[in-house]
K.L.:
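Structure in structure tokens, see below.
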Protein chains: 2
Amino acid sequence: MSISRREEVLHAAAELFAEQGFHAVGMRAIADAVGVRGSSLYHYFPSKVDLLHAIAVDSTRAFIESQLEDLNPSPDYASRVRKMMFDHVVYFHEHRMEEAVGLRELQELRKHKPEAYTELQTLRRTYQNELERLITEGRDKGEFSCEDPHITTLAILGMVNTINDWYRPHRDGPIEDIADIYSSLIVERMLGKTA
Amino acid sequence: MSISRREEVLHAAAELFAEQGFHAVGMRAIADAVGVRGSSLYHYFPSKVDLLHAIAVDSTRAFIESQLEDLNPSPDYASRVRKMMFDHVVYFHEHRMEEAVGLRELQELRKHKPEAYTELQTLRRTYQNELERLITEGRDKGEFSCEDPHITTLAILGMVNTINDWYRPHRDGPIEDIADIYSSLIVERMLGKTA
DNA sequence: GTCTATAGAGGGATAGAC
DNA sequence: GTCTATCCCTCTATAGAC
């Protein structure tokens, strides 16, 4: 099962954009990483910004959809939030290059592809709303003692989205362990899971 | 009390770098913002990277020093952590342009000014260690019920350092209110302040 | 201390052969 | 689908007049 050249280009570009930033990476550098000439990239993407577009929107959509499709059938809210956060941490680690690009190059997309920027913001907002809804309903059901679901949601997302800034597998152990610690911190402590 | 032209340049550059990123901003754009020609900037800074250096290192050092100098004499650890986090949130909002640059352009500094990068990392590490120390000692004294001071410290810093990504004064109210909510979330909940 | 003018390098992108 | 060749533009930085 070999991957297409187009996917090769996307992956190489994501890695370089994540490490150095969109403007620091030239089309020639991406081409070098794939083993072709700069002009060959234009066979797959009409411009450098379209490359960024594909990386940011595709990866964000894939993440949101995978997270929201099987909002698991667990009856209690605590289990549902716990699973959502655990999966979030693991997924963000496994796709850290693409997700870093999606988080950091927002303004570039806003400038050159406004409709792609809007789509990204809508996707993020959908995810944020879903988390806030789980927290609010869980609190109304008496499962949580959380005081401010909105701000707490933003705090949680800030926490989990910055793990990749410090996490190094060899030094910090398996990502699943980190995901466990964060999930507990969120559900038991920040949300004050009762009983 | 007028500010020097050098400071004008630093402030304009910080704002532009924060909004668009280091590589997206040309020396001409910075010069335009100040009202001079591009070449005039080289009277104050030998290169564009030196401008970034000044913004990132100076602002980070100012923040760390202001935070660590009056580690207030309050006897209990809960009050000390609360004040540290409250001040952190307010300071980061008031200096959001410079701090955004310091957080986001690390790799650029690492590439072109390794010694400046090292200094920045040392400063950050000092601050992180101080927070972790307060949490660990507070737990040992029985004030907190925190289980993993190291990971909890990283989670807290991720939370507070991403507030500027979503906070808008007109929509979200005074920054002091946000600082209060975050401080409580951290001290009462994440650290499990006892009694 | 600010200007004009420009050097020198590298950027994104296109044309057209194969 | 990939190449060579190249266009045109913008970038950082410098030289030297004022």
Side-chain angles (χ1 to χ4, degrees), chain A residues 1-57 101 104-105 107-114 116-117, chain B residues 1-57 101 104-105 107-114 116-117:
Chain A
M1 182 197 115
S2 68
I3 63 173
S4 71
R5 171 129 289 178
R6 184 175 188 276
E7 286 171 283
E8 257 189 289
V9 172
L10 277 173
H11 191 259
E15 200 152 329
L16 290 166
F17 288 165
E19 283 164 6
Q20 314 181 42
F22 179 73
H23 282 292
V25 177
M27 291 299 264
R28 288 166 180 81
I30 299 167
D32 283 351
V34 180
V36 296
R37 297 295 185 177
S39 58
S40 302
L41 300 177
Y42 292 89
H43 177 70
Y44 302 100
F45 301 93
S47 78
K48 192 187 172 190
V49 169
D50 285 283
L51 239 177
L52 175 62
H53 176 139
I55 294 167
V57 175
V101 175
R104 287 182 191 143
E105 306 294 350
Q107 77 289 2
E108 212 56 48
L109 222 50
R110 178 175 211 171
K111 198 190 226 169
H112 297 104
K113 289 247 164 181
Y117 172 79
Chain B
M1 180 197 114
S2 67
I3 64 173
S4 71
R5 170 130 289 181
R6 194 191 126 96
E7 285 170 283
E8 256 188 287
V9 172
L10 276 174
H11 190 260
E15 201 153 328
L16 290 165
F17 288 166
E19 283 166 5
Q20 313 181 42
F22 179 73
H23 276 105
V25 177
M27 292 299 261
R28 287 169 181 83
I30 299 167
D32 283 352
V34 180
V36 296
R37 297 294 184 175
S39 59
S40 301
L41 301 177
Y42 292 89
H43 176 69
Y44 300 99
F45 301 94
S47 78
K48 191 187 171 189
V49 169
D50 283 282
L51 238 176
L52 175 63
H53 176 139
I55 294 166
V57 175
V101 175
R104 287 184 189 141
E105 307 294 350
Q107 78 288 2
E108 211 55 47
L109 222 50
R110 178 174 211 171
K111 198 188 223 169
H112 296 104
K113 289 248 165 181
Y117 171 79

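Each chain gets a letter, A, B and so on, in the order its sequence line appears, and its residues count up from 1. Below, each value reflects all heavy atoms present in this structure, side chains not excepted, and no hydrogens, waters or symmetry copies.
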K.L.:
Enumerate the residues from residues 50-57 of chain A whose closest heavy atom to DNA chain D is under 4.0 Å, giving them by residue number; use none for an empty result.
P.N.:
none
K.L.:
For a quick test of reading the model, state the closest non-hydrogen atom pair linking B/V101 to B/A18 and the distance between them.
P.N.:
CG2-N, 3.7 Å
K.L.:
So, the side chain of A/E7 versus the backbone of A/S4: is there a donor-acceptor pair under 3.5 Å, distance only?
P.N.:
yes
K.L.:
Can you measure from CD (B/E105) to NZ (B/K111) and round to the nearest 0.5 angstrom?
P.N.:
11.5 Å
K.L.:
Write down the distance between OH (A/Y44) and C1' (D/dC3), rounded to a whole number of angstrom.
P.N.:
13 Å
K.L.:
List every contact pair, protein side and nucleotides 15-18 of chain D side both N or O, where the distance is under 3.5 Å.
P.N.:
none

K.L.:
If I take atom CD from residue A/Q20 and atom CZ from residue B/R110, how far apart are they, to the nearest 0.5 angstrom?
P.N.:
12.0 Å
K.L.:
Roughly, in whole Å, what's the span from CG in B/L16 to P in D/dT12?
P.N.:
12 Å
K.L.:
Shortest non-hydrogen contact from B/A56 to B/L109?
P.N.:
CB-CD2, 4.0 Å
K.L.:
Grab the two heavy atoms, one from B/I55 and one from B/F17, that are nearest each other, plus how far apart they are.
P.N.:
CD1-CD1, 3.8 Å
K.L.:
Rounded to the Å, how far apart are B/E108 CD and D/dT12 C1'?
P.N.:
14 Å
K.L.:
Less than 3.5 Å apart, which donor and acceptor atoms pair up between the side chains of residues 32-51 of chain A and the rest of the protein, not counting sequence neighbours?
P.N.:
residue	atom	partner	partner atom	Å
A/S47	OG	A/V49	N	3.4
A/S47	OG	A/D50	N	3.2
A/S47	OG	A/D50	OD2	2.7
A/K48	NZ	A/F22	O	3.0
A/K48	NZ	A/V25	O	2.7
A/D50	OD1	A/K113	NZ	2.5

K.L.:
What is the distance from CZ of A/R37 to C1' of D/dT6, rounded to the nearest Å?
P.N.:
14 Å
K.L.:
Residues from residues 19-30 of chain B sitting under 4.0 Å of DNA chain D, heavy atoms only?
P.N.:
B/V25, B/G26, B/M27, B/R28
K.L.:
Applying side chain to side chain contact (heavy atoms under 4.5 Å, CB included), name anything that partners A/R28, two or more places apart in sequence or on another chain.
P.N.:
none
K.L.:
Map A/K48 and B/H43 onto DNA chain C by nearest heavy atom, then report which one ends up closer to the 5' terminus.
P.N.:
B/H43
K.L.:
For the residue pair A/H23 and A/E108, confirm or rule out a side-chain donor-acceptor distance under 3.5 Å.
P.N.:
yes
K.L.:
Checking contacts here: which listed nucleotide (C/dT4, D/dT12, C/dG12) is nearest the side-chain heavy atoms of A/Y42?
P.N.:
C/dG12
K.L.:
Can you tell which of D/dT2, C/dC3, C/dT2 lies closest to the side chain of A/S40?
P.N.:
D/dT2
K.L.:
What is the distance, rounded to the nearest whole Å, between atom CG of B/L41 and atom P of D/dC11?
P.N.:
13 Å
K.L.:
Using a cut-off of strictly less than 4.0 Å between a heavy atom of the residue and any atom of DNA chain C, enumerate the qualifying residues of residues 4-15 of chain A by number.
P.N.:
none
K.L.:
Please round to the nearest 0.5 Å and tell me the distance separating atom CG of B/L16 and atom NE2 of B/H11.
P.N.:
10.5 Å
K.L.:
Just the rounded figure in Å: distance from C1' of D/dT12 to CZ of B/F45.
P.N.:
16 Å
